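When reading the values below, keep in mind they use all heavy atoms of this one structure, side chains included, and skip hydrogens, waters and symmetry mates. Note that this is a predicted model, so its numbers are computed, not measured. By convention in this document, chain letters (A, B, ...) are assigned in the order of the sequence lines, proteins followed by strands, and residues within each chain are numbered from 1.
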Amino acid sequence: MKAPEIELPDIEWLVFQATSQVPRGKVTTYGDIAKAMGDVSASRVVGSILARNPRPIEVPCHRVVYGTGEVGWYCGLGKGTDTKQRLLQEEGVPMSDGKVDLAKVGFSDFHIDPGLRNLRERQERLSHQVVERDRLGRLRKVAGLDVAYRGDQAFSAMAVLDIETGSVDIRLDRSQVKFPYIPSYLSFRELASLAPLVSSSSETLFLVDGQGVLHPRGLGIASHMGVVLDVPTIGAAKSLLVGDIDPADPGSIRYKGVERGRVVGEGRRKLYVSIGHRVSLDTAEEMVRRYCSDADQSPLILAHRAAERARREAGD
DNA sequence: GCGACAG
DNA sequence: ATCTTGTCGC
């Protein structure tokens with residue numbers, strides 16, 4: 001299936017644009033730039049983008065510091081704290097104990113596009129289209145999807161298990177990454193790499209490595225994919241994004257006061273399962289129990305291995 | 001030091 | 001997720 005034409009904000013460009021707006025003699029924080037983009041949870045990605053800033057003159061990343069006032073690193077993790085402090089002092093930024101006074105020299109009056117706020121609104125709008133009841137055809141195949149990365153190359157894989165014959169078909173794709181990993185925005189990074197692998201069919205159930213509705217806006221990658229491609233999906237993640245294990249029932253995950261997920265498996269093999277689209281929670285749990293218990297037959301694990309293998313072989 | 005948020 | 005050495009646990 002063709003990848004949906006998703007307009008994505010250029011996060012790297014927004015970060016460079018915001019950083020360039022910090023005037024001489026002032027500083028801002030990684031969190032303030034993230035807030036200007038629409039979500040403070042992008043703070044870490046702001047740091048990782050500025051750590052690779054190729055133009056330290058045009059993009060004055062020395063004016064971006066920690067929220068504590070500590071100046072942090074300059075042009076790369078673990079590098080150049082002394083250079084950063086010297087540059088700021090030369091610009092007239094007062095410092096004591098290696099810290100700046102953000103109340104005095106803090107700047108946060110950015111004029112950039114709040115790209116992440118727009119994406120959040122899209123998630124909220126699409127979340128209303130999620131169908132949380134069983135709307136499957138006669139189930140013939142169960143597919144697992146996963147992505148591996150090498151630099152800005154994405155290697156996506158889909159393992160399709162034929163329920164009747166037990167045979168497994170592997171499909172691969174390779175694409176350019178156009179969006180960073182930001183918690184709760186995973187689908188904007190990975191969906192474009194997964195969609196080309198998917199053929200629309202209500203006879204195939206898709207298991208996605210990530211959350212379904214167990215998500216702050218009810219639209220993890222499994223639900224996002226299900227709604228956009230109109231296919232039945234289940235979210236099966238190796239760790240929790242939101243929600244808590246029910247103290248009264250360790251197999252149940254609650255979020256905002258309601259059951260939104262189930263725990264399947266034990267130890268390292270544990271999966272946090274939630275509705276993706278067109279599947280009930282009971283069915284989601286049952287399907288993961290049925291098709292993911294055997295590691296050598298699990299479509300998710302086979303897809304993971306296939307993507308990882310493609311990534312490794314591309315490295316030569 | 002604490003808290004920690006899929007991949 | 002990826003990078004990456006030595007270390008911890010089954």
Side-chain angles (χ1 to χ4, degrees), chain A residues 11 30-31 34-35 37-49 51-52 66-68 70 76-78 116 119-120 123 127 144-158 174-195 206-226 233-245 253 255-256 260-276 284 288 300-301 303-315:
Chain A
I11 299 299
Y30 300 100
K35 283 180 203 160
M37 292 195 296
D39 196 326
V40 70
S41 69
S43 304
R44 280 175 298 181
V45 96
V46 172
S48 63
I49 287 169
R52 291 187 288 273
Y66 294 157
T68 58
E70 291 165 286
L77 189 59
L116 294 175
L119 294 185
R120 256 200 333 278
Q123 288 176 324
S127 73
L145 292 152
D146 199 7
V147 190
Y149 296 93
R150 172 167 233 107
D152 60 357
Q153 291 286 306
F155 300 86
S156 50
M158 178 169 72
R174 177 179 175 154
S175 54
Q176 282 283 324
V177 177
K178 291 177 178 153
F179 198 83
Y181 171 71
I182 301 170
S184 83
Y185 299 85
L186 173 67
S187 60
F188 296 109
R189 175 174 174 80
E190 296 199 338
L191 194 48
S193 302
L194 295 181
F206 295 90
L207 308 182
V208 185
D209 188 359
Q211 308 293 344
V213 298
L214 189 52
H215 178 277
R217 269 97 50 204
L219 197 86
I221 185 167
S223 297
H224 194 162
M225 188 186 111
T233 62
I234 292 170
K238 295 182 289 296
S239 65
L240 280 176
L241 173 64
V242 292
D244 299 285
I245 306 297
I253 306 162
Y255 181 53
K256 292 181 175 173
R260 298 300 273 161
R262 301 271 171 80
V263 182
V264 173
E266 304 248 319
R268 189 71 190 83
R269 279 277 127 85
K270 195 180 293 176
L271 287 175
Y272 300 95
V273 176
S274 61
I275 291 170
V288 172
L300 277 171
I301 291 175
H304 181 82
R305 289 180 187 161
E308 175 56 32
R309 182 175 180 175
R311 183 192 80 85
R312 181 163 35 80
E313 286 176 352

Can you measure [X] atom [atom1] to [N] atom [atom2] for me and round it to whole angstrom units?
X        : N     : atom1 : atom2 : value
A/Leu219 : B/dG7 : CG    : P     : 17 Å
A/Phe188 : B/dG7 : CZ    : C1'   : 15 Å
A/Arg260 : B/dA6 : CZ    : C1'   : 16 Å
A/Leu300 : B/dA6 : CG    : C1'   : 13 Å
A/Tyr66  : B/dG1 : OH    : C1'   : 16 Å
A/His215 : B/dG7 : NE2   : C1'   : 12 Å
A/Gln211 : C/dA1 : CD    : C1'   : 15 Å
A/Leu116 : B/dC5 : CG    : P     : 19 Å

Checklist entry - Does the side chain of A/Arg120 come under 3.5 Å of the side chain of A/Tyr185 through a donor N or O and an acceptor N or O? => result yes

Next on the checklist: Taking A/Ile221's backbone N and O only, do any of them form a donor-acceptor pair with A/Ser187's side chain (distance below 3.5 Å, no angle check)?
Outcome noted: no

Checklist entry - Within the distance-only criterion (no hydrogens, no angle test), does the side chain of A/Ser274 pair as donor or acceptor with the backbone N or O of A/Gly261 below 3.5 angstrom? => result no

Checklist entry - Can the positive tip of A/Arg312 be found less than 6.0 Å from the middle of the six-membered ring of A/Phe155, inside 45° of the ring normal? => result no

Item to check | Pair pattern of DNA chain B in dot-bracket, where unpaired bases get dots and | marks partners in another strand, Watson-Crick or G-U under 3.5 angstrom | outcome: .......

If you compare every side-chain N and O of [X] against the phosphate oxygens of [N] (OP1, OP2), does one of them come in below 4.0 Å?
X        : N     : answer
A/Lys238 : B/dA6 : no
A/Arg189 : C/dA1 : no
A/Arg312 : C/dT2 : no

Item to check | Is_stacked (A/Tyr181, B/dG7) at 5.5 Å, 30 deg | outcome: yes

Next on the checklist: When you compare the side chain of A/Ser156 with that of A/Asp146, does any pair of heavy atoms fall below 4.5 Å?
Outcome noted: no

Checklist entry - What's the verdict on salt bridge (charged side-chain N to carboxylate O under 4.0 Å, His left out) for A/Arg311 and A/Glu308, showing C-alpha distance, side-chain angles and the deciding distance? => result CA-CA 5 Å; A/Arg311 183 192 80 85; A/Glu308 175 56 32; 3.0 Å; yes

Using a 4.0 Å heavy-atom cut-off, does [X] contact any base of the nucleic acid, only the sugar-phosphate backbone, or nothing at all?
X        : value
A/Leu240 : sugar-phosphate
A/Glu308 : sugar-phosphate
A/Tyr185 : base
A/Ser239 : sugar-phosphate
A/Tyr149 : sugar-phosphate

Checklist entry - Does the ring center of A/His224 lie less than 6.0 Å from the ring center of A/Phe188? => result yes

